[in-house]
Amino acid sequence: MGVLNDLASRGQAVWLDFVDRKFLAQGGLQKLVDQDGLTGVTSNPSIFEKAMGHGDAYDAALAEFDKANPDASTMARYEHLAIQDIQTAADTLRPVYDRLNAKDGYVSLEVSPYLAHDTDATIAEAAKLWAEVDRPNLMIKIPGTPAGVPAIAATIDAGINVNVTLLFSIEAYKAVALAYTEGLEKRAARGEPIDRIASVASFFVSRIDSKIDDKIDAGVGGDAAKTLKGKVAIANAKMAYAWYEEFITTDRWRTLAAKGAQVQRLLWASTGTKNADYPDTLYLDTLIGKDTVNTVPPKTMDAFRDHGTVGDTLGANVDEARKVMADQAALGLDLNDVTDTLVEEGVASFSKAFDDLLGAIAAKHPVIA
(Lines give C-alpha, C1' and ligand atoms only; values in the text may rest on other atoms or scores of the structure.)
Protein backbone atom coordinates (compact mmCIF):
# COMPACT_ATOMS: atom_id res chain seq x y z
CA MET A 1 0.00 0.00 0.00
CA GLY A 2 1.59 3.26 -1.13
CA VAL A 3 1.02 6.96 -0.68
CA LEU A 4 -1.71 7.09 -3.33
CA ASN A 5 -3.75 4.58 -1.33
CA ASP A 6 -3.41 6.84 1.71
CA LEU A 7 -5.51 9.53 0.04
CA ALA A 8 -8.63 7.39 0.45
CA SER A 9 -8.27 7.64 4.23
CA ARG A 10 -8.58 11.42 3.82
CA GLY A 11 -11.72 11.10 1.75
CA GLN A 12 -10.10 11.85 -1.61
CA ALA A 13 -10.38 9.64 -4.68
CA VAL A 14 -7.64 9.36 -7.29
CA TRP A 15 -8.63 9.21 -10.94
CA LEU A 16 -6.40 8.83 -13.98
CA ASP A 17 -6.49 11.63 -16.54
CA PHE A 18 -5.56 9.37 -19.45
CA VAL A 19 -6.92 6.62 -21.66
CA ASP A 20 -5.25 4.68 -24.44
CA ARG A 21 -6.07 1.36 -26.09
CA LYS A 22 -2.65 -0.25 -25.64
CA PHE A 23 -2.56 0.86 -22.01
CA LEU A 24 -5.93 -0.76 -21.40
CA ALA A 25 -5.09 -3.94 -23.32
CA GLN A 26 -1.83 -4.41 -21.44
CA GLY A 27 -3.56 -4.19 -18.07
CA GLY A 28 -2.22 -0.77 -17.14
CA LEU A 29 -5.51 0.47 -15.72
CA GLN A 30 -6.14 -2.73 -13.78
CA LYS A 31 -2.67 -2.44 -12.24
CA LEU A 32 -3.41 1.07 -10.98
CA VAL A 33 -6.71 -0.10 -9.52
CA ASP A 34 -5.04 -3.03 -7.77
CA GLN A 35 -1.88 -1.31 -6.55
CA ASP A 36 -2.76 2.36 -6.10
CA GLY A 37 -6.46 2.22 -5.28
CA LEU A 38 -7.41 4.14 -8.42
CA THR A 39 -11.19 4.62 -8.64
CA GLY A 40 -11.86 6.51 -11.87
CA VAL A 41 -10.75 7.62 -15.33
CA THR A 42 -11.24 10.86 -17.24
CA SER A 43 -10.88 11.47 -20.96
CA ASN A 44 -11.12 14.55 -23.15
CA PRO A 45 -10.60 15.43 -26.82
CA SER A 46 -6.92 16.18 -26.28
CA ILE A 47 -6.34 12.76 -24.69
CA PHE A 48 -8.15 10.96 -27.51
CA GLU A 49 -6.26 12.98 -30.12
CA LYS A 50 -2.97 11.78 -28.68
CA ALA A 51 -4.24 8.20 -28.43
CA MET A 52 -5.99 7.80 -31.78
CA GLY A 53 -4.18 10.31 -33.94
CA HIS A 54 -0.74 8.78 -33.57
CA GLY A 55 0.50 5.24 -34.09
CA ASP A 56 -1.42 2.18 -35.18
CA ALA A 57 -3.17 0.97 -32.01
CA TYR A 58 -6.62 1.73 -33.43
CA ASP A 59 -6.05 0.77 -37.06
CA ALA A 60 -7.42 -2.78 -36.88
CA ALA A 61 -10.62 -1.72 -35.12
CA LEU A 62 -11.07 1.16 -37.54
CA ALA A 63 -10.58 -1.09 -40.57
CA GLU A 64 -13.15 -3.55 -39.23
CA PHE A 65 -15.66 -0.76 -38.61
CA ASP A 66 -15.05 0.77 -42.04
CA LYS A 67 -15.63 -2.55 -43.75
CA ALA A 68 -19.00 -2.95 -42.05
CA ASN A 69 -19.90 0.73 -42.36
CA PRO A 70 -18.30 2.07 -45.55
CA ASP A 71 -20.42 5.22 -45.59
CA ALA A 72 -19.93 6.14 -41.92
CA SER A 73 -19.00 9.72 -41.10
CA THR A 74 -15.68 10.58 -39.51
CA MET A 75 -17.57 11.49 -36.33
CA ALA A 76 -19.23 8.07 -36.25
CA ARG A 77 -15.84 6.42 -36.73
CA TYR A 78 -14.37 8.41 -33.84
CA GLU A 79 -17.32 7.63 -31.56
CA HIS A 80 -17.05 3.92 -32.34
CA LEU A 81 -13.39 3.87 -31.26
CA ALA A 82 -13.91 6.11 -28.22
CA ILE A 83 -16.90 4.12 -26.99
CA GLN A 84 -14.90 0.89 -27.19
CA ASP A 85 -12.19 2.37 -24.96
CA ILE A 86 -14.69 3.86 -22.52
CA GLN A 87 -16.55 0.56 -22.25
CA THR A 88 -13.29 -1.31 -21.59
CA ALA A 89 -12.29 1.17 -18.88
CA ALA A 90 -15.78 1.09 -17.37
CA ASP A 91 -15.73 -2.70 -17.25
CA THR A 92 -12.34 -2.62 -15.53
CA LEU A 93 -13.72 -0.24 -12.92
CA ARG A 94 -17.09 -1.96 -12.53
CA PRO A 95 -15.96 -3.97 -9.46
CA VAL A 96 -14.99 -0.68 -7.81
CA TYR A 97 -18.37 0.80 -8.69
CA ASP A 98 -20.16 -2.23 -7.27
CA ARG A 99 -18.04 -2.38 -4.12
CA LEU A 100 -18.60 1.30 -3.38
CA ASN A 101 -22.32 1.12 -4.20
CA ALA A 102 -22.16 3.66 -7.06
CA LYS A 103 -20.18 6.17 -5.00
CA ASP A 104 -17.16 5.82 -7.33
CA GLY A 105 -15.68 3.71 -10.10
CA TYR A 106 -16.57 6.10 -12.94
CA VAL A 107 -15.24 6.70 -16.43
CA SER A 108 -15.90 10.01 -18.18
CA LEU A 109 -16.66 10.65 -21.85
CA GLU A 110 -17.06 14.20 -23.16
CA VAL A 111 -19.75 15.55 -25.42
CA SER A 112 -18.40 17.21 -28.56
CA PRO A 113 -16.65 20.49 -27.71
CA TYR A 114 -18.38 21.95 -30.76
CA LEU A 115 -21.58 21.97 -28.68
CA ALA A 116 -20.24 24.00 -25.74
CA HIS A 117 -22.63 26.88 -26.43
CA ASP A 118 -25.68 24.83 -27.50
CA THR A 119 -27.89 23.63 -24.64
CA ASP A 120 -30.32 21.46 -26.58
CA ALA A 121 -27.65 19.76 -28.68
CA THR A 122 -25.62 19.03 -25.54
CA ILE A 123 -28.63 17.42 -23.86
CA ALA A 124 -29.27 15.28 -26.94
CA GLU A 125 -25.66 14.17 -27.30
CA ALA A 126 -25.39 13.33 -23.60
CA ALA A 127 -28.41 11.03 -23.93
CA LYS A 128 -27.04 9.45 -27.12
CA LEU A 129 -23.61 8.71 -25.66
CA TRP A 130 -25.16 7.39 -22.45
CA ALA A 131 -27.26 4.91 -24.43
CA GLU A 132 -24.42 3.86 -26.72
CA VAL A 133 -21.85 3.25 -23.98
CA ASP A 134 -24.52 1.49 -21.90
CA ARG A 135 -22.58 1.32 -18.64
CA PRO A 136 -23.96 2.52 -15.28
CA ASN A 137 -20.53 3.78 -14.23
CA LEU A 138 -20.25 6.24 -17.11
CA MET A 139 -20.15 9.99 -16.55
CA ILE A 140 -20.94 12.32 -19.43
CA LYS A 141 -18.67 15.36 -19.44
CA ILE A 142 -20.46 18.65 -20.06
CA PRO A 143 -18.66 22.00 -19.96
CA GLY A 144 -19.73 24.45 -17.28
CA THR A 145 -20.46 27.19 -19.79
CA PRO A 146 -23.63 29.31 -19.51
CA ALA A 147 -25.25 27.01 -22.10
CA GLY A 148 -23.95 23.96 -20.26
CA VAL A 149 -25.63 24.79 -16.94
CA PRO A 150 -29.23 24.01 -18.00
CA ALA A 151 -27.94 20.98 -19.93
CA ILE A 152 -26.40 19.67 -16.71
CA ALA A 153 -29.69 20.04 -14.83
CA ALA A 154 -31.61 18.30 -17.61
CA THR A 155 -29.08 15.47 -17.92
CA ILE A 156 -29.13 14.79 -14.18
CA ASP A 157 -32.93 14.95 -14.29
CA ALA A 158 -32.78 12.22 -16.95
CA GLY A 159 -30.81 9.98 -14.58
CA ILE A 160 -27.44 10.36 -16.32
CA ASN A 161 -24.23 10.87 -14.32
CA VAL A 162 -22.40 14.10 -15.17
CA ASN A 163 -18.80 15.27 -14.95
CA VAL A 164 -18.91 19.06 -15.29
CA THR A 165 -15.72 20.24 -16.96
CA LEU A 166 -13.90 23.52 -17.62
CA LEU A 167 -14.70 25.17 -14.29
CA PHE A 168 -12.34 27.93 -13.25
CA SER A 169 -14.35 30.44 -11.23
CA ILE A 170 -16.21 29.99 -7.98
CA GLU A 171 -19.32 31.60 -9.47
CA ALA A 172 -19.35 29.10 -12.35
CA TYR A 173 -18.92 26.28 -9.87
CA LYS A 174 -21.85 27.51 -7.75
CA ALA A 175 -24.05 27.59 -10.86
CA VAL A 176 -23.32 23.96 -11.77
CA ALA A 177 -23.67 22.79 -8.16
CA LEU A 178 -27.14 24.31 -8.12
CA ALA A 179 -27.90 22.79 -11.53
CA TYR A 180 -27.03 19.35 -10.13
CA THR A 181 -29.28 20.05 -7.17
CA GLU A 182 -32.12 21.17 -9.44
CA GLY A 183 -31.86 18.01 -11.53
CA LEU A 184 -32.07 15.83 -8.43
CA GLU A 185 -35.01 17.81 -7.06
CA LYS A 186 -37.00 17.30 -10.24
CA ARG A 187 -36.41 13.55 -10.13
CA ALA A 188 -37.32 13.38 -6.45
CA ALA A 189 -40.50 15.37 -7.07
CA ARG A 190 -41.60 12.65 -9.51
CA GLY A 191 -40.78 9.96 -6.98
CA GLU A 192 -37.80 8.69 -9.00
CA PRO A 193 -34.66 7.39 -7.26
CA ILE A 194 -31.68 9.69 -6.84
CA ASP A 195 -29.35 7.61 -4.70
CA ARG A 196 -27.27 6.15 -7.56
CA ILE A 197 -26.81 9.33 -9.58
CA ALA A 198 -23.34 10.82 -9.32
CA SER A 199 -21.65 14.01 -10.43
CA VAL A 200 -18.30 15.74 -10.09
CA ALA A 201 -17.45 19.38 -10.70
CA SER A 202 -14.06 19.56 -12.42
CA PHE A 203 -12.30 22.65 -11.12
CA PHE A 204 -9.15 23.46 -13.09
CA VAL A 205 -6.08 24.55 -11.19
CA SER A 206 -2.66 24.96 -12.80
CA ARG A 207 -3.84 27.01 -15.77
CA ILE A 208 -4.96 29.74 -13.36
CA ASP A 209 -1.50 30.08 -11.86
CA SER A 210 0.04 30.17 -15.33
CA LYS A 211 -2.12 33.14 -16.30
CA ILE A 212 -1.76 34.98 -12.99
CA ASP A 213 1.99 34.41 -12.88
CA ASP A 214 2.33 35.79 -16.40
CA LYS A 215 0.57 38.94 -15.27
CA ILE A 216 2.83 39.26 -12.24
CA ASP A 217 5.92 38.73 -14.38
CA ALA A 218 4.66 41.47 -16.70
CA GLY A 219 4.61 43.88 -13.77
CA VAL A 220 0.94 43.88 -12.80
CA GLY A 221 0.63 44.52 -9.08
CA GLY A 222 4.29 45.49 -8.72
CA ASP A 223 6.61 43.89 -6.21
CA ALA A 224 3.74 43.23 -3.78
CA ALA A 225 2.17 40.80 -6.25
CA LYS A 226 5.29 38.64 -6.48
CA THR A 227 4.41 36.99 -3.15
CA LEU A 228 1.24 35.64 -4.79
CA LYS A 229 2.96 33.60 -7.48
CA GLY A 230 1.85 29.98 -7.34
CA LYS A 231 -0.79 30.71 -4.69
CA VAL A 232 -3.90 32.02 -6.42
CA ALA A 233 -5.10 28.76 -7.98
CA ILE A 234 -4.87 26.91 -4.68
CA ALA A 235 -6.61 29.75 -2.82
CA ASN A 236 -9.37 29.78 -5.45
CA ALA A 237 -9.86 26.03 -5.03
CA LYS A 238 -9.98 26.32 -1.25
CA MET A 239 -12.67 28.99 -1.48
CA ALA A 240 -14.72 26.77 -3.78
CA TYR A 241 -14.45 23.92 -1.27
CA ALA A 242 -15.41 26.24 1.59
CA TRP A 243 -18.59 27.12 -0.31
CA TYR A 244 -19.29 23.43 -0.86
CA GLU A 245 -18.94 22.72 2.86
CA GLU A 246 -21.45 25.45 3.63
CA PHE A 247 -23.89 24.36 0.92
CA ILE A 248 -24.21 20.77 2.10
CA THR A 249 -25.38 22.05 5.50
CA THR A 250 -28.34 23.92 3.97
CA ASP A 251 -31.91 22.68 4.30
CA ARG A 252 -32.16 22.46 0.53
CA TRP A 253 -29.33 19.96 0.30
CA ARG A 254 -30.25 18.08 3.48
CA THR A 255 -33.69 17.39 2.04
CA LEU A 256 -32.06 15.62 -0.91
CA ALA A 257 -29.48 13.88 1.26
CA ALA A 258 -32.30 12.39 3.31
CA LYS A 259 -33.53 10.77 0.11
CA GLY A 260 -30.10 9.26 -0.55
CA ALA A 261 -28.57 11.93 -2.80
CA GLN A 262 -24.82 11.81 -3.29
CA VAL A 263 -22.85 15.02 -2.95
CA GLN A 264 -21.40 16.47 -6.12
CA ARG A 265 -17.69 16.08 -5.43
CA LEU A 266 -15.23 18.76 -6.42
CA LEU A 267 -12.65 17.28 -8.77
CA TRP A 268 -9.29 18.98 -9.14
CA ALA A 269 -8.28 18.99 -12.80
CA SER A 270 -5.23 20.30 -14.64
CA THR A 271 -3.11 19.20 -11.68
CA GLY A 272 0.19 18.73 -13.50
CA THR A 273 2.41 21.73 -12.73
CA LYS A 274 3.26 23.88 -15.73
CA ASN A 275 5.96 25.91 -13.99
CA ALA A 276 9.20 23.98 -13.48
CA ASP A 277 9.96 26.15 -10.43
CA TYR A 278 7.05 24.59 -8.54
CA PRO A 279 7.05 21.13 -6.94
CA ASP A 280 5.65 18.59 -9.40
CA THR A 281 3.15 17.42 -6.78
CA LEU A 282 2.03 20.93 -5.75
CA TYR A 283 -1.60 20.55 -6.79
CA LEU A 284 -1.95 17.17 -5.11
CA ASP A 285 -0.18 17.92 -1.83
CA THR A 286 -2.20 21.08 -1.18
CA LEU A 287 -5.72 20.00 -2.19
CA ILE A 288 -6.42 16.88 -0.15
CA GLY A 289 -9.82 16.80 1.51
CA LYS A 290 -13.00 14.86 2.12
CA ASP A 291 -15.44 14.22 -0.74
CA THR A 292 -13.03 15.35 -3.45
CA VAL A 293 -11.34 13.78 -6.46
CA ASN A 294 -7.96 14.52 -7.98
CA THR A 295 -7.66 13.47 -11.62
CA VAL A 296 -3.99 13.04 -12.35
CA PRO A 297 -1.95 12.62 -15.53
CA PRO A 298 0.39 9.59 -15.48
CA LYS A 299 3.60 11.60 -15.00
CA THR A 300 2.20 13.50 -12.01
CA MET A 301 0.83 10.27 -10.56
CA ASP A 302 4.29 8.73 -10.74
CA ALA A 303 5.76 11.78 -9.01
CA PHE A 304 3.21 11.67 -6.18
CA ARG A 305 3.73 7.95 -5.72
CA ASP A 306 7.45 8.67 -5.34
CA HIS A 307 7.46 11.74 -3.11
CA GLY A 308 3.95 13.03 -2.49
CA THR A 309 2.82 14.17 0.95
CA VAL A 310 -0.55 13.20 2.42
CA GLY A 311 -2.32 15.44 4.92
CA ASP A 312 -5.62 17.23 5.50
CA THR A 313 -4.51 20.23 3.47
CA LEU A 314 -7.64 21.43 1.69
CA GLY A 315 -9.31 22.76 4.79
CA ALA A 316 -6.10 24.19 6.25
CA ASN A 317 -5.06 27.86 6.13
CA VAL A 318 -8.42 28.98 4.75
CA ASP A 319 -8.01 32.49 6.18
CA GLU A 320 -4.69 32.77 4.36
CA ALA A 321 -6.37 31.65 1.15
CA ARG A 322 -9.09 34.24 1.66
CA LYS A 323 -6.38 36.91 2.02
CA VAL A 324 -4.68 35.76 -1.18
CA MET A 325 -7.99 36.18 -3.01
CA ALA A 326 -8.47 39.66 -1.56
CA ASP A 327 -4.89 40.67 -2.34
CA GLN A 328 -5.02 39.55 -5.97
CA ALA A 329 -8.15 41.65 -6.48
CA ALA A 330 -6.66 44.68 -4.74
CA LEU A 331 -3.47 44.45 -6.81
CA GLY A 332 -5.36 44.36 -10.10
CA LEU A 333 -4.60 40.77 -11.09
CA ASP A 334 -8.29 40.38 -11.97
CA LEU A 335 -8.94 36.69 -11.44
CA ASN A 336 -12.42 37.05 -12.91
CA ASP A 337 -11.01 38.15 -16.24
CA VAL A 338 -8.50 35.30 -16.11
CA THR A 339 -11.15 32.67 -15.48
CA ASP A 340 -13.39 34.03 -18.25
CA THR A 341 -10.46 33.85 -20.66
CA LEU A 342 -9.58 30.33 -19.57
CA VAL A 343 -13.07 29.03 -20.29
CA GLU A 344 -12.91 30.46 -23.81
CA GLU A 345 -9.41 29.07 -24.33
CA GLY A 346 -10.42 25.69 -22.93
CA VAL A 347 -13.33 25.32 -25.33
CA ALA A 348 -11.12 26.47 -28.22
CA SER A 349 -8.32 24.07 -27.21
CA PHE A 350 -10.63 21.07 -27.02
CA SER A 351 -12.23 22.06 -30.33
CA LYS A 352 -8.80 22.28 -31.95
CA ALA A 353 -7.86 18.87 -30.53
CA PHE A 354 -11.14 17.51 -31.88
CA ASP A 355 -10.39 19.03 -35.30
CA ASP A 356 -6.99 17.33 -35.29
CA LEU A 357 -8.46 14.05 -34.07
CA LEU A 358 -11.16 13.90 -36.74
CA GLY A 359 -8.61 14.92 -39.35
CA ALA A 360 -6.26 12.10 -38.34
CA ILE A 361 -9.09 9.53 -38.45
CA ALA A 362 -10.27 10.82 -41.84
CA ALA A 363 -6.74 10.60 -43.20
CA LYS A 364 -6.49 6.95 -42.17
CA HIS A 365 -9.56 5.93 -44.16
CA PRO A 366 -7.85 5.50 -47.55
CA VAL A 367 -4.85 3.84 -45.91
CA ILE A 368 -6.86 1.25 -43.99
CA ALA A 369 -9.84 0.66 -46.30
Side-chain angles (χ1 to χ4, degrees), residues 15-36 38 40-94 106-115 125 128-135 137-141 163 165 269-270 272 295-303 305 346 348-369:
W15 289 8
L16 179 68
D17 195 26
F18 175 77
V19 68
D20 174 89
R21 185 154 297 193
K22 283 186 177 178
F23 171 77
L24 294 171
Q26 293 170 357
L29 177 59
Q30 186 66 61
K31 181 179 179 181
L32 292 176
V33 171
D34 293 341
Q35 297 185 4
D36 293 313
L38 189 86
V41 170
T42 48
S43 66
N44 62 47
S46 297
I47 288 173
F48 274 126
E49 191 279 325
K50 291 181 176 68
M52 296 180 190
H54 307 277
D56 59 2
Y58 294 82
D59 287 1
L62 186 57
E64 182 180 352
F65 180 76
D66 287 346
K67 185 176 180 180
N69 305 273
D71 298 322
S73 67
T74 302
M75 181 68 79
R77 299 165 78 210
Y78 151 72
E79 288 183 352
H80 174 73
L81 298 176
I83 286 169
Q84 285 183 331
D85 279 0
I86 294 299
Q87 288 174 328
T88 299
D91 290 344
T92 301
L93 284 161
R94 182 60 186 269
Y106 289 95
V107 180
S108 298
L109 176 62
E110 191 150 350
V111 297
S112 166
Y114 302 151
L115 307 179
E125 176 144 329
K128 178 175 77 77
L129 293 175
W130 174 258
E132 290 179 352
V133 174
D134 193 24
R135 299 293 189 275
N137 56 330
L138 172 69
M139 279 190 176
I140 300 296
K141 291 181 79 173
N163 177 339
T165 188
S270 185
T295 187
V296 190
K299 183 178 178 181
T300 307
M301 186 172 289
D302 290 342
R305 187 187 296 110
S349 175
F350 282 168
S351 294
K352 172 63 167 58
F354 214 55
D355 289 344
D356 293 343
L357 168 59
L358 295 179
I361 291 173
K364 286 190 174 191
H365 188 83
V367 176
I368 295 170

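Count residues from 1 along the sequence. On a predicted model such as this, the values are computed, not experimentally measured, just so you know.
With sequence neighbours excluded, the residues satisfying side-chain contact (heavy atoms from CB on, under 4.5 Å) with Asp356 are Glu49, Lys352. Checked against side-chain contact (heavy atoms from CB on, under 4.5 Å), Ala76 has the following partners two or more places apart in sequence or in another chain: Ala72, Ser73. Residues satisfying the salt bridge (Lys or Arg N to Asp or Glu O under 4.0 Å) test with Lys22, not counting sequence neighbours, are Asp56. In this structure Phe354 satisfies the ring pair (Phe, Tyr, Trp, His ring centres under 6.0 Å) test together with Tyr78, Tyr114, sequence neighbours excluded. Checked against side-chain hydrogen bond (donor to acceptor under 3.5 Å, both in side chains), Asp85 has the following partners two or more places apart in sequence or in another chain: Arg21, Tyr58. Scored by the salt bridge (Lys or Arg N to Asp or Glu O under 4.0 Å) test, Glu125 finds no partners at all (sequence neighbours excluded). Residues that satisfy the side-chain hydrogen bond (donor to acceptor under 3.5 Å, both in side chains) test with Asp302, not counting sequence neighbours, are Arg305. Every residue two or more places apart in sequence or in another chain was checked for a ring pair (Phe, Tyr, Trp, His ring centres under 6.0 Å) with Phe350, and none qualifies. For Gln87, the side-chain hydrogen bond (donor to acceptor under 3.5 Å, both in side chains) test picks out no residue, with sequence neighbours left out. Qualifying side-chain hydrogen bond (donor to acceptor under 3.5 Å, both in side chains) partners for Thr42, counting only residues two or more places apart in sequence or in other chains: Asp17, Thr295. Asp355 meets the salt bridge (Lys or Arg N to Asp or Glu O under 4.0 Å) test with no other residue; sequence neighbours excluded.
Note that the CG atom of Leu93 and the CG atom of Leu138 stand 11.5 Å from one another [nearest 0.5 Å]. Leu16 contributes atom CG, which lies 10.5 Å from atom OG1 of Thr300 (distance to the nearest 0.5 angstrom).
Sorted by first and then second residue, the pairs that involve residues 24-33 and meet side chain to side chain donor-acceptor pair (under 3.5 Å), not counting sequence neighbours, are Gln30-Asp34.
Side-chain atoms of Ser108 do not come within 3.5 Å of backbone N or O of Ser43 as any donor-acceptor pair.
Taking each heavy atom of Leu109 and Ala82 in turn, the nearest pair found is CD1-CB, 4.4 Å.
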